[in-house]
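Presented below is the structure to which this report refers.
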Amino acid sequence: MAGSAPVAQAQEIPLGLGHRLVEHYEGAPATARPVPGEGTAQHPYLAPNGRSGMHADGAGSGTHPYPGPLGRAPRVDSEKIAPVGGECATVTFDSEGRLVTVCGTFSGFLLKLLDPRTLDTLAEYKLPQRSSTVEAITRLDFEKIFKDTSGGAYFYLDDQDRVVLADPRQHIQRISHRQKADRTWEFVVENDWDLTSLVPHDCVSWTNLFPSGACDPVTSVMPDWDGRIWWVTRLGRVGTVDPATGALRAIRLDAEEIQNSFSVAEDGVSLVTDHALYSFDADADGVPRVRWREPYDRGTGTKPGSVNQGSGTTPDLFGLHDEYVAITDNADDRMNVLVYRRGADVPAAERLVCKVPVFGPGASTTDNSLISWGNSLVVENNYGYENPSTLLLGRSVVGGATRIDVRADGSGCDTVWESDVRSPSTVPKLSTVNGLLYFYEKRPHAWGIDAWYLTAVDFRTGGRVFSRFTGTGLAYDNNWAPITLGPDGTAYVGVFNGIVAVRDSA
C-alpha cells in the first residue's frame, strides 16, 4: 500500500463501566478448515467478491474469501468517529486494501477512507444530512434514525474502486479517491445523477421543517450485469440509470415499501418489499420489468427486531447450480425461511422449494440478510432488538442462529443445527477460508454490565469456537451494522460510536 499522510489519527472508543469485571477471551483458537464449494460468480461491475458492499457480493451471500481471526491472541482496535453516533456500517476495500466506508453522524453521513491497520482517516467527504435526523432532533423521536435505511448506508464499490451511493437529496453519486502530490488523499465526485424528476423530494430539513409534499428516500443502489445502476426507494419505486447517457427510468410498486437492499445476478435483479419477493429485468430502454412476483406472509404487525411489517432480508441468490433465491417472511408467532426457484419459466406451483419455521414461538424475527454458501443458509434471530437503548443495563435478546440446507435433489430443506448465540442486530458473515461464522454477541449480565464480543461459530456444527471481548457500553452496540472480513484477515464491526477491528496477533 502506498505511503499516506492521515487527515486524522484514530482515537480509541472509550470503554464503558465494568470492562474489568468480564471475561475478555473465551474458548480456544481454531484450526482453519475451508468449506468446500465455489462462491457466487464475480459481478463484472462490482469490486471483487468480499470487497464490494454490505453483503460482500452482488448475490447477497454474506461470505468472504478471506480468513478472519482464528482466535490466536486476538487484539482489538477501534476508531471513534464522532462525539455522539458515528457508526460505520457498510465497509468495502479498495484494490490496495484500504477501507472505504460510510459513517453516520448527527450532522450527516461521512464517506471515509481508512488505513486498514491503524484506522487513521486518510480522506473524508461529507454527505448531506438525512431528513430522519432532523425529524429525530426536532421531534425528539429517535426511532426515525434507527429505522431509516436510506442516505448512503447501502452503497457499493465498483470494479474501478469507485463508491456508488444515493445521498439524501435523491441523487446518485459515483465517487473515486486518489492520492495527491503531497501524499494526502481526496474523494472526487465523477458523476451525479439527479433522480428528483422521478422521486418525490419534499423532505424535512432545517429550512423546511413542515413540508407539505411527499418525501421518498432512496434506499439502495446496485448495478446489473449490463452496467445499469438500479435504485429503489422506501415507497416502492424501482428505477435504473444508464451511466453512459444518464437516462433515468422507473416504475412504482403501489402501496409497497422497500427498506432493504437487493441482489443481482446474471439472470436479473431480486428484491423484497414488505409484501412480496420480486424478480426483475429491464427492457431495451432500461425500464424495470417484473419477471415474477411471490407474495409471502407479512404477519399482522411489526415485530420488535424488525424495521417494518415485512421481510427483513436482502434476497440471497444461491445454490450449487445458482438456481435458488431465499428470504424470510414476517409470519406471526414463528418466522419462516423461504426458498424459491429463480427461473422465469418455473410453474407457479413449483416455485416454492421449502418453508421452514425458525426460532421459538412468539420470539422469532430477523432484519438481516441470510448467509448462503452452496446449498446452505444461516439465519440469525434479532427478536427484541429495536435500538441501542434496548439492551442497556445488562439486557440481551433471546438470540439464536440456525443452519438450513436445501436437499441435493431440491425436494425440500432440512435443519442442520441450532445455536444459542445471542447476536442482537449484526449482519453476520462466513469465512469460506477457515470455515467460521462470525457474530457480534451480547449476553445478559446480572450486574448490568453491557459487554460486547466477536464470537466465532463452526459453520459445520454450529458449535462456539471463541469469543473476544470488544468493549462495554452503548458506544460498542453495532445497531444493525455488519461484520466485514478484510483481505488481511481482520474482522471489522461498525459500532454506534465508530468502528472496531479484531485481528489475530499470534
Side-chain angles (χ1 to χ4, degrees), residues 4-13 53-54 77-94 98-116 118-134 136-137 142 144-146 148-158 161-180 184-190 192 203 205-206 217-221 388 475-482 484 486 492-501:
S4 54
V7 172
Q9 292 186 325
Q11 295 183 335
E12 292 282 330
I13 300 171
M54 180 177 290
D77 298 291
S78 65
E79 182 183 5
K80 181 180 179 179
I81 298 297
V84 179
E87 179 179 296
C88 303
T90 300
V91 173
T92 64
F93 304 92
D94 71 9
R98 289 173 287 260
L99 276 67
V100 185
T101 182
V102 170
C103 306
T105 74
F106 281 91
S107 62
F109 278 14
L110 300 173
L111 175 60
K112 294 177 77 76
L113 184 69
L114 304 180
D115 184 284
T118 65
L119 300 181
D120 292 343
T121 296
L122 305 178
E124 184 175 283
Y125 175 75
K126 188 171 183 179
L127 296 166
Q129 193 171 47
R130 297 189 300 174
S131 61
S132 60
T133 303
V134 180
I137 295 171
F142 288 92
K144 298 285 188 183
I145 294 175
F146 298 126
D148 183 2
T149 57
S150 70
Y154 285 120
F155 75 89
Y156 70 85
L157 197 69
D158 74 7
D161 277 352
R162 298 174 298 187
V163 167
V164 181
L165 58 78
D167 71 21
R169 303 170 303 151
Q170 284 90 344
H171 284 226
I172 293 176
Q173 292 187 312
R174 187 159 63 184
I175 306 170
S176 62
H177 58 278
R178 65 189 182 191
Q179 193 170 28
K180 297 184 290 185
T184 61
W185 289 83
E186 65 177 351
F187 285 106
V188 179
V189 177
E190 292 191 4
D192 187 308
C203 303
S205 69
W206 292 112
V218 181
T219 304
S220 183
V221 292
Y476 284 89
D477 186 323
N478 79 293
N479 189 46
W480 305 115
T484 307
Y492 300 92
V493 187
V495 296
F496 188 62
N497 214 185
I499 190 168
V500 168

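The structure displayed is predicted, hence computed values, not measured ones. Every heavy atom of this structure was used, including side-chain atoms; hydrogens, water molecules and symmetry mates were not.
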Atom pair [atom1]/[atom2] of [X] and [Y] - distance to nearest 0.5 Å:
| X | Y | atom1 | atom2 | result |
| --- | --- | --- | --- | --- |
| Ser131 | Arg169 | OG | CZ | 14.0 Å |
| Asn478 | Cys88 | CG | SG | 12.5 Å |
| Phe496 | Asn479 | CZ | CG | 6.5 Å |
| Leu113 | Thr184 | CG | OG1 | 11.0 Å |
| Arg98 | Leu114 | CZ | CG | 11.5 Å |
| Ile137 | Gln129 | CD1 | CD | 5.5 Å |

Does [X] reach the side chain of [Y], with side-chain heavy atoms less than 4.5 Å apart?
| X | Y | value |
| --- | --- | --- |
| Val163 | Leu157 | yes |
| Thr118 | Gln9 | no |
| Gln179 | Leu122 | no |
| Thr92 | Val100 | yes |
| Phe93 | Leu99 | yes |
| Leu165 | Leu127 | yes |

Partner of Ile499 under side-chain contact (heavy atoms from CB on, under 4.5 Å), chosen from Val493, Thr484, Asp77, Val91: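 For Ile499, the side-chain contact (heavy atoms from CB on, under 4.5 Å) check succeeds only for Val91.
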Which one of Thr105, Ile13, Thr101 satisfies the side-chain contact (heavy atoms from CB on, under 4.5 Å) criterion with Ile81?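 For Ile81, the side-chain contact (heavy atoms from CB on, under 4.5 Å) test succeeds with only one of Thr105, Ile13, Thr101, which is Thr105.
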Exercise: identify the closest heavy-atom pair between [X] and [Y]:
| X | Y | value |
| --- | --- | --- |
| Ser107 | Lys126 | O-CE, 3.4 Å |
| Asp158 | Arg174 | OD2-CD, 3.9 Å |
| Tyr492 | Leu119 | CE2-CD2, 4.0 Å |
| Phe187 | Leu111 | CE1-O, 3.4 Å |
| Tyr156 | Val221 | CD2-O, 3.4 Å |
| Ala166 | Val218 | CB-CG1, 3.4 Å |

Centres of the Phe109 and Phe155 rings: under 6.0 Å?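 No, ring centres 6.0 Å or more apart.
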Could you tell me if Asp192 and Gln173 have a donor-acceptor pair between their side chains, going purely by distance under 3.5 Å?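 Yes, side-chain donor-acceptor contact under 3.5 Å.
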Salt bridge (charged side-chain N to carboxylate O under 4.0 Å, His left out) involving Glu12 - partner list, sequence neighbours excluded: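 Glu12: no salt bridge (charged side-chain N to carboxylate O under 4.0 Å, His left out) contacts found.
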Donor-acceptor under 3.5 Å (Asp120 side chain, Ala10 main chain):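 Yes.
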Backbone N or O of Ala153 within a donor-acceptor pair of the Thr90 side chain at under 3.5 Å?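 Answer holds: yes.
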Could you check whether atom CD of Glu190 has more than 12 heavy atoms from other residues, nucleotides or ligands sitting under 6.0 Å from it?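 More than 12 within 6.0 Å, yes.
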